[in-house]
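Working notes for the structure below.
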Amino acid sequence: MKKNIIDYYAFIMMILFIIYNIVLKDLKIGGLLYQIFMITLIVLNITILIKFRKRIKFKGLIIVVYFFIWSIFSKNALQFLFGLSNMIILIAIGFMENNFIKNISILITLFFVAFSMPLLFAYLFAYGTGISEEKGRNDIHDDMHYFCENNYEVYCYSGGAFDSFHYSIGKHYESLDIDGIIFISYNERNEVSQEEYNNYLKTHKCKLVGDVNGSK
């Protein structure tokens, strides 16, 4: 690695995390190849951070940014683990460097200790117990999920027993789908009223997603 890339490595990775999880929030990538890539990236990223710990810049800033965005905006469990691992490793390698990192590290540790159970429930609620579920896709009701003409996707979704039904009419583009090995798609969630949802289904050609997939 060139010196400037090493110095700003953690900052660059944080920017890429923000771009993929926030700027490109509707882009979905998954499948076995994606899982292997992310697990390899997480291990490699930890190794680089530890190896070049004395040269990594902006540790304190990066820790704070990850703390505020990692749990809210991570698309899936692997992105969640990537953000969390960055924060933990940067805390560990930067704890003795200055008082700012030491203070925020103590505050973050206390936060995790105090809210460990709510955080666990929030994680399970958002991502389930697997690593393949995409947040914003695992809450869709299969029997109310349609693909429609002109690349539109129409569905009902809810967060569970304590959440009401919500409805979405948004664009859907499938760029690549190789039987669980890798998929790339664009899924836009655009919340609408139940009346708009019903009217759209009545006035457009739509098929249940199960029927579409079953016909492949």
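Along the sequence shown, the residues carry numbers beginning at 1. Hydrogens, waters and symmetry mates play no part in the numbers below; they use all other heavy atoms, side chains included.
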Subject >> ILVMFWY cluster, Ile29 and Tyr173 together (side-chain gap under 4.5 Å) >> reply: no
Original post:
Can Tyr186 be reached from Phe147 by stepping across I, L, V, M, F, W or Y side chains whose heavy atoms are under 4.5 Å apart?
Top reply: no
Original post:
Atom CD1 of Ile42 and atom OG1 of Thr47: how far apart are they, to the nearest 0.5 Å?
Top reply: 11.5 Å
**OP:** Could you tell me whether Tyr146 and His204 have their ring centroids closer than 6.0 angstrom?
**Re:** no
**OP:** Start with the C-alpha gap between Phe183 and Lys28, add the side-chain angles, then the distance that decides, and say whether side-chain contact (heavy atoms from CB on, under 4.5 Å) holds.
**Re:** CA-CA 8 Å; Phe183 72 81; Lys28 309 296 183 183; 4.2 Å; yes
**OP:** Kindly indicate whether the side chain of Lys57, heavy atoms from C-beta on, has any atom under 4.5 Å from the side chain of Tyr8.
**Re:** yes
Original post:
Is there a path from Ile12 to Ile93 through hydrophobic residues (I, L, V, M, F, W, Y) whose side chains come within less than 4.5 Å of each other?
Top reply: yes
Original post:
Which pair of non-hydrogen atoms, one from Ser158 and one from Ser164, has the smallest distance, and what is that distance?
Top reply: CB-O, 3.4 Å
**OP:** Please list, chain by chain and in numerical order, all residues satisfying side-chain hydrogen bond (donor to acceptor under 3.5 Å, both in side chains) with Asn45, sequence neighbours excluded.
**Re:** Tyr9, Asn86
**OP:** Might you confirm whether atom NZ of Lys51 has over 12 heavy atoms from other residues, nucleotides or ligands at distances under 6.0 Å?
**Re:** no
**OP:** Report yes if the side chains of Ile19 and Leu24 come closer than 4.5 Å at any heavy-atom pair, otherwise no.
**Re:** yes
Original post:
How long is the gap from SG on Cys156 to NE2 on His166, to the nearest 0.5 Å?
Top reply: 8.5 Å
Subject >> Rounded distance (nearest 0.5 Å) linking atom CG of Leu176 with atom OG of Ser185 >> reply: 10.0 Å
**OP:** Treat each ILVMFWY residue as a node, draw an edge where side-chain heavy atoms are under 4.5 Å apart, and state whether Leu110 and Phe100 are in one component.
**Re:** no
Original post:
Step by step, would you call Phe17 with Tyr66 a ring pair (Phe, Tyr, Trp, His ring centres under 6.0 Å)?
Top reply: CA-CA 9 Å; Phe17 179 87; Tyr66 272 122; 5.5 Å; yes
**OP:** Give the minimum heavy-atom separation between Thr109 and Ser105, together with the two atoms involved.
**Re:** OG1-O, 2.7 Å
Original post:
What distance separates Leu201 CG from Leu208 CG, expressed to the nearest 0.5 Å?
Top reply: 9.0 Å
Subject >> Enclosure of Tyr20 OH (heavy-atom neighbours >12, cutoff 6.0 Å) >> reply: yes
**OP:** Return the orientation label for the Phe112 and Phe67 ring planes: parallel under 30°, perpendicular over 60°, tilted otherwise.
**Re:** perpendicular
Original post:
Shared ILVMFWY cluster between Leu107 and Leu61, side chains joined below 4.5 angstrom?
Top reply: no
**OP:** Return yes if a side-chain donor-acceptor contact under 3.5 Å exists between Asn151 and His172, otherwise no.
**Re:** no
Original post:
Going through the distances and angles, do Ile56 and Leu90 end up as a side-chain contact (heavy atoms from CB on, under 4.5 Å)?
Top reply: CA-CA 9 Å; Ile56 299 294; Leu90 289 171; 4.3 Å; yes
Original post:
Would you say Asp179 has more than 12 foreign heavy atoms packed within less than 6.0 Å of its CG?
Top reply: no
Original post:
Going from CD1 on Ile101 to CD1 on Ile106, what distance comes out if it is rounded to the nearest 0.5 angstrom?
Top reply: 12.0 Å
Subject >> Which residues share a side-chain hydrogen bond (donor to acceptor under 3.5 Å, both in side chains) with Tyr123, sequence neighbours left out >> reply: none
Original post:
Would you say Phe115 has more than 12 foreign heavy atoms packed within less than 6.0 Å of its CZ?
Top reply: no
Original post:
Do the rings of Tyr167 and Tyr197 sit parallel, tilted or perpendicular, given the 30° and 60° boundaries?
Top reply: tilted
Subject >> Donor-acceptor pair, side chain of Ser74 and main chain of Ser71, under 3.5 angstrom >> reply: no
Original post:
Are more than 12 heavy atoms from other residues, nucleotides or ligands located less than 6.0 Å from atom CZ of Phe73?
Top reply: yes
**OP:** Give me the ring orientation class for Phe80 and Trp70: parallel if the planes are under 30° apart, tilted from 30 to 60°, perpendicular past 60°.
**Re:** tilted
Original post:
What pairs with Lys59 under salt bridge (Lys or Arg N to Asp or Glu O under 4.0 Å), at least two apart in sequence or on another chain?
Top reply: Glu97
**OP:** Would you please name every residue forming a salt bridge (Lys or Arg N to Asp or Glu O under 4.0 Å) with Glu196, sequence neighbours left out?
**Re:** none
Original post:
So, Lys25 side chain and Glu188 main chain: donor-acceptor pair closer than 3.5 Å or not?
Top reply: no
Original post:
Would you call Ile39 and Leu78 a side-chain contact if the rule is heavy atoms closer than 4.5 Å?
Top reply: yes
Subject >> Salt bridge Lys75-Asp26, side-chain N to carboxylate O under 4.0 Å >> reply: no
Subject >> Partners meeting side-chain hydrogen bond (donor to acceptor under 3.5 Å, both in side chains) with Tyr34 (sequence neighbours left out) >> reply: Asn76, Gln79
**OP:** Can you run down the salt bridge (charged side-chain N to carboxylate O under 4.0 Å, His left out) pairs that involve residues 145-157, sequence neighbours left out, and say none if there aren't any?
**Re:** Arg137-Glu153
**OP:** Indicate whether any N or O donor in one side chain lies under 3.5 Å from an N or O acceptor in the other, for Tyr157 and Glu191.
**Re:** yes
Subject >> Euclidean distance, Leu33 CG relative to Met38 CE, rounded to 0.5 Å >> reply: 14.0 Å
Subject >> side chain to side chain contact (heavy atoms under 4.5 Å, CB included), paired with Ile18, selected from Leu16, Ile22, Asn21 >> reply: Ile22
Original post:
Shortest non-hydrogen contact from Leu41 to Met13?
Top reply: CD1-CE, 4.0 Å
**OP:** Validate the cation-pi geometry between Lys102 and Phe95: distance from NZ or CZ to the six-membered ring centre under 6.0 Å, angle to the ring axis within 45°.
**Re:** yes
